[in-house]
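Below you'll find the structure, written out as structure tokens, and then a few comments.
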There are 2 protein chains.
Amino acid sequence: MRQVPHPTADELTLVAVMAALSDPVRIGLARVLSDGRERGWGELRAPVAKSTLSHHLKVLRDAGVTRTRQEGTRCYVVLRRADLDRRFPGLLDAVLTAADGEGVGDQVGLAGRR
Amino acid sequence: MRQVPHPTADELTLVAVMAALSDPVRIGLARVLSDGRERGWGELRAPVAKSTLSHHLKVLRDAGVTRTRQEGTRCYVVLRRADLDRRFPGLLDAVLTAADGEGVGDQVGLAGRR
DNA sequence: TATCTTGTTCGACATTCTACGAACATCGAA
DNA sequence: TTCGATGTTCGTAGAATGTCGAACAAGATA
């Protein structure tokens with residue numbers, strides 16, 4: 001659980017971002033983070049095992065969609081909206097809007113909300 | 001080579017479209033078609049075998065990104081821009097713009113151009 | 001130090017994807 | 001009818017993906 005590396009804004013690739021956002025669970029995670037607030041790992045609720053959730057968060061992180069910060073044993077995740085908007089203008093908003101309309105990733109949410 | 005089915009505009013799903021546009025060859029095909037003109041199969045140039053190209057065009061077609069029309073033994077492909085824009089506003093433009101900037105799918109082109 | 005919490009990593013497995021060449025189907029042309 | 005051109009489909013192979021539970025590592029806490 002050491003500090004994990006992230007791609008810089010310049011290293012983001014369209015194909016990686018598109019692939020990262022091609023999965024319902026990951027789209028759901030992006031939606032949960034879309035208000036820009038940082039969320040603790042523990043707040044996230046998804047219908048998958050924790051190892052699978054870890055995997056999905058890694059895919060998002062490696063693609064540069066999210067940034068993960070360590071703090072003790074806890075992790076905090078935040079959407080890299082500014083970086084994404086700079087490299088791929090309009091893409092994130094288009095995906096989030098479409099996902100909202102379609103309900104993609106609705107199974108993903110935050111603890112204490114239903 | 002009978003008439004193939006296409007999803008209606010309402011049947012398009014975000015996940016399918018995102019997945020379809022997560023591959024460099026398919027992004028390249030979308031770019032080639034992005035001027036809205038219908039292109040003949042034979043015009044398309046991609047660095048893959050023809051069976052693989054057929055596969056990629058099927059993925060795009062099944063996702064509703066393109067429409068394929070038969071005419072004799074030939075096929076013609078066109079981007080379903082209006083349908084995509086209606087269902088997922090801004091998505092296609094964002095992807096095409098990003099792809100242009102990054103040169104994704106540059107290996108794909110039209111016959112007689114280099 | 002011993003234990004609990006938190007998240008990652010490690011097999012394992014089934015599924016899907018990309019890719020190829022070969023065989024096939026269909027239509028047009030000779 | 002025979003041949004050629006055009007795409008699709010099939011069989012195959014290798015790589016990647018999504019998923020899980022179990023084992024592990026690192027801090028926090030008792």
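Lettering of chains follows the sequences in order, A, B, ..., and the numbering in each one begins at 1.
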What's the [atom1]-[atom2] distance between [X] and [N], to the nearest Å?
X	N	atom1	atom2	result
A/L53	D/dG21	CG	C1'	15 Å
A/L60	C/dT8	CG	C1'	16 Å
B/R45	D/dT6	CZ	C1'	13 Å
A/L57	C/dG7	CG	P	10 Å
B/R39	D/dT6	CZ	P	17 Å
A/Q70	D/dG27	CD	C1'	11 Å
B/R74	D/dG4	CZ	P	16 Å
B/K58	C/dA19	NZ	C1'	16 Å

| request: Starting from the C-alpha separation in whole Å, work towards a yes-or-no answer on side chain to side chain contact (heavy atoms under 4.5 Å, CB included) for A/L84 and A/V65. | output: CA-CA 7 Å; A/L84 288 167; A/V65 176; 4.2 Å; yes

| Does any pair with a residue in residues 19-33 of chain A pass salt bridge (charged side-chain N to carboxylate O under 4.0 Å, His left out), and if so which ones, sequence neighbours excluded? | A/R31-A/D100, A/R31-A/D106

| said: Quick test of your reading: applying salt bridge (charged side-chain N to carboxylate O under 4.0 Å, His left out), list the pairs with at least one residue in residues 3-21 of chain A, sequence neighbours left out, ordered by first then second residue. | reply: A/D10-A/R86

| task | Please identify each residue that fulfils side chain to side chain donor-acceptor pair (under 3.5 Å) with B/D62, with sequence neighbours left out. | result | B/K58

| field | Pairing residues for A/T97 by the side chain to side chain donor-acceptor pair (under 3.5 Å) criterion, not counting sequence neighbours | value | none

| query | Please walk me through it: do B/L60 and B/L33 pass side chain to side chain contact (heavy atoms under 4.5 Å, CB included)? | reply | CA-CA 12 Å; B/L60 289 171; B/L33 298 172; 5.8 Å; no

| request: Tell me what B/K50 touches on the nucleic acid: a base, only sugar-phosphate, or nothing, going by heavy atoms under 4.0 Å. | output: base

| task | With heavy atoms under 4.0 Å as the rule, sort A/R69 into base, sugar-phosphate or nothing. | result | nothing

| note | Which of B/D83, B/L79, B/V4 passes side chain to side chain contact (heavy atoms under 4.5 Å, CB included) with B/R67? It is B/D83

| said: Before you tell me yes or no, could you show the steps for A/L91 and A/L14 under side chain to side chain contact (heavy atoms under 4.5 Å, CB included), namely the whole-Å CA-CA distance, both residues' side-chain angles and the distance that decides it to 0.1 Å? | reply: CA-CA 10 Å; A/L91 180 58; A/L14 176 64; 3.9 Å; yes

| field | Residue pair B/D93, B/R81: steps toward the side chain to side chain contact (heavy atoms under 4.5 Å, CB included) verdict | value | CA-CA 9 Å; B/D93 281 339; B/R81 185 186 285 275; 2.8 Å; yes

Short N/O separations, protein against nucleotides 17-19 of chain D, under 3.5 angstrom:
{"from": "D/dG18", "atom 1": "OP1", "to": "A/R26", "atom 2": "NH2", "distance (Å)": "3.1"}
{"from": "D/dG18", "atom 1": "OP2", "to": "A/R26", "atom 2": "NH1", "distance (Å)": "3.1"}
{"from": "D/dG18", "atom 1": "OP2", "to": "A/H55", "atom 2": "NE2", "distance (Å)": "3.4"}
{"from": "D/dT19", "atom 1": "OP2", "to": "A/H56", "atom 2": "NE2", "distance (Å)": "2.5"}

With 3.5 Å as the limit, what N/O pairs link the protein to nucleotides 28-30 of chain D?
none

| N or O in side chain of B/W41 less than 4.0 angstrom from D/dA5 OP1/OP2 | no

